[in-house]
Amino acid sequence: MSKIALFPGSFDPFTKGHADIVERGSFMFDQVIIGIGINSNKTRFFEIDLMIDLINKAFEHRPNVSVQLYSNLTASFAKEIGANYLLRGLRNTTDFEYENSIAQANKHINGNLETVFLITSPHLAYISSTIVRELYKHGQDISDFVPYKIQ
Ligand code: ADP
């Protein structure tokens with residue numbers, strides 16, 4: 001059975017921290033699907049179609065990586081696409097607290113779903129979408145933090 005991992009998140013925007021997890025995951029799984037979760041209650045800052053394009057370009061060299069949008073529960077979407085693994089990144093203990101409870105809930109909803117955590121590469125641990133968004137809003141060049149070119 002092929003091992004398919006879903007890497008879910010808002011990716012507003014997708015950062016080098018995310019890219020590092022996907023890249024490392026692409027050697028562990030047959031397929032990694034980056035799932036951009038759409039939450040109708042939250043407005044995004046970076047347009048979703050632009051983000052899909054930029055992520056696709058950043059992973060042109062990894063044919064087993066793709067991007068999809070979803071708006072249902074992450075555990076249900078994983079089932080829908082035949083993913084038995086959720087891939088997540090861990091930066092610090094705050095991530096751990098949050099991820100721990102989500103992983104338990106997801107396991108409860110979908111018993112076949114294993115969450116696999118990769119510890120962030122240390123040089124990327126401080127990067128968060130929130131910080132990158134703030135920098136971008138204030139006109140800073142964010143090219144050190146994202147794996148693509150953006151004006
Ligand atoms: P969410 O909306 O679920 O918080 P994010 O887009 O912020 O989604 O993050 C998705 C996943 O990427 C989470 O597992 C998060 O811990 C991980 N992640 C975020 N930033 C980094 C980083 N700099 N290094 C490694 N993993 C990260």
Side-chain angles (χ1 to χ4, degrees), residues 1-46 48 50-136 142 144-148:
M1 200 176 74
S2 92
K3 287 187 165 39
I4 303 175
L6 170 63
F7 181 54
S10 333
F11 308 123
D12 189 23
F14 191 87
T15 68
K16 279 191 180 173
H18 296 132
D20 176 64
I21 301 294
V22 171
E23 188 85 21
R24 288 157 64 196
S26 73
F27 297 112
M28 301 166 59
F29 299 100
D30 297 310
Q31 258 194 76
V32 175
I33 296 166
I34 301 165
I36 307 184
I38 316 273
N39 181 341
S40 46
N41 298 321
K42 269 198 209 161
T43 39
R44 291 184 64 88
F45 182 75
F46 289 94
I48 207 123
L50 172 71
M51 203 40 64
I52 293 174
D53 265 10
L54 294 171
I55 298 172
N56 274 326
K57 284 210 184 83
F59 285 100
E60 258 170 359
H61 63 295
R62 292 266 171 266
N64 64 338
V65 173
S66 57
V67 189
Q68 289 197 37
L69 293 179
Y70 72 98
S71 51
N72 49 349
L73 274 180
T74 301
S76 315
F77 180 61
K79 203 174 207 168
E80 211 175 286
I81 60 173
N84 283 331
Y85 301 91
L86 280 185
L87 178 61
R88 299 288 286 177
L90 281 184
R91 283 166 293 190
N92 46 43
T93 50
T94 315
D95 273 356
F96 174 79
E97 295 291 337
Y98 176 67
E99 295 292 338
N100 186 31
S101 39
I102 296 205
Q104 316 260 2
N106 282 331
K107 184 91 187 157
H108 181 83
I109 297 167
N110 174 352
N112 295 319
L113 197 54
E114 284 300 346
T115 306
V116 175
F117 297 101
L118 293 184
I119 298 287
T120 316
S121 299
H123 67 293
L124 301 171
Y126 69 96
I127 301 178
S128 73
S129 294
T130 311
I131 290 176
V132 176
R133 214 165 42 231
E134 277 314 296
L135 292 174
Y136 186 83
I142 57 166
D144 282 347
F145 309 110
V146 297
Y148 42 76

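Throughout, numbering of the chain's residues begins at 1 and tracks the sequence. Note that the structure is a prediction, hence the values are computed from the model and not measured.
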Going by the rule side-chain contact (heavy atoms from CB on, under 4.5 Å), which residues pair with [X] if we only count those two or more places apart in sequence or in a different chain?
| X | answer |
| --- | --- |
| Lys107 | Glu114 |
| Ala5 | Phe29, Tyr85, Leu87 |
| His61 | Glu23, Phe59 |
| Leu73 | Ser76, Ile109 |

Can you tell me how far the [atom1] atom of [X] sits from the [atom2] atom of [Y], to the nearest 0.5 Å?
| X | Y | atom1 | atom2 | answer |
| --- | --- | --- | --- | --- |
| Ile119 | Phe96 | CD1 | CZ | 9.5 Å |
| Asn92 | Tyr98 | CG | OH | 13.0 Å |
| Phe7 | Thr74 | CZ | OG1 | 12.0 Å |
| Asn106 | Asn112 | CG | CG | 12.5 Å |
| Leu135 | Ile142 | CG | CD1 | 8.0 Å |
| Phe145 | Arg133 | CZ | CZ | 14.5 Å |

Exercise for the section: Can you tell me which residue pairs pass the side-chain hydrogen bond (donor to acceptor under 3.5 Å, both in side chains) test with a partner in residues 27-46, sequence neighbours excluded? Expected result: none
Practice task
Check whether any side-chain heavy atom of Phe46 sits under 4.5 Å from a side-chain heavy atom of Phe14, and report yes or no.
Solution key: no
Handout entry: Heavy-atom side-chain contact between Ile55 and Ile36 under 4.5 Å
Key = yes
N/O donor-acceptor pair under 3.5 Å between [X] side chain and [Y] backbone:
| X | Y | answer |
| --- | --- | --- |
| Tyr70 | Pro8 | no |
| Ser128 | Ile131 | yes |
| Asp12 | Phe45 | yes |

I'd like to check the side chain to side chain donor-acceptor pair (under 3.5 Å) partners of [X]; sequence neighbours left out, ordered by chain and number.
| X | answer |
| --- | --- |
| Tyr136 | none |
| Thr15 | His18 |
| Asp95 | Arg91 |
| Thr115 | none |

By the salt bridge (charged side-chain N to carboxylate O under 4.0 Å, His left out) test, which pairs, at least two apart or in different chains, include something from [range]?
| range | result |
| --- | --- |
| residues 116-125 | none |
| residues 67-78 | none |
| residues 67-90 | Arg88-Glu99 |

Completion exercise
Correct closest heavy-atom pair for Val132 and Pro13 would be CG1-CG, 3.7 Å
Fill in the blank from the handout: Smallest heavy-atom separation, Phe117 atom then Ala103 atom, equals CZ-CB, 4.1 Å
Completion exercise
From the list Ile34, Ile81, Val32, Asn84, side-chain contact (heavy atoms from CB on, under 4.5 Å) with Leu6 holds only for Ile81
Fill in the blank from the handout: Test side-chain contact (heavy atoms from CB on, under 4.5 Å), reference Leu86, set Asn110, Val116, Leu113, output is Leu113
Handout entry: Basic-acidic side-chain contact under 4.0 Å: Asp20, Arg24
Key = yes
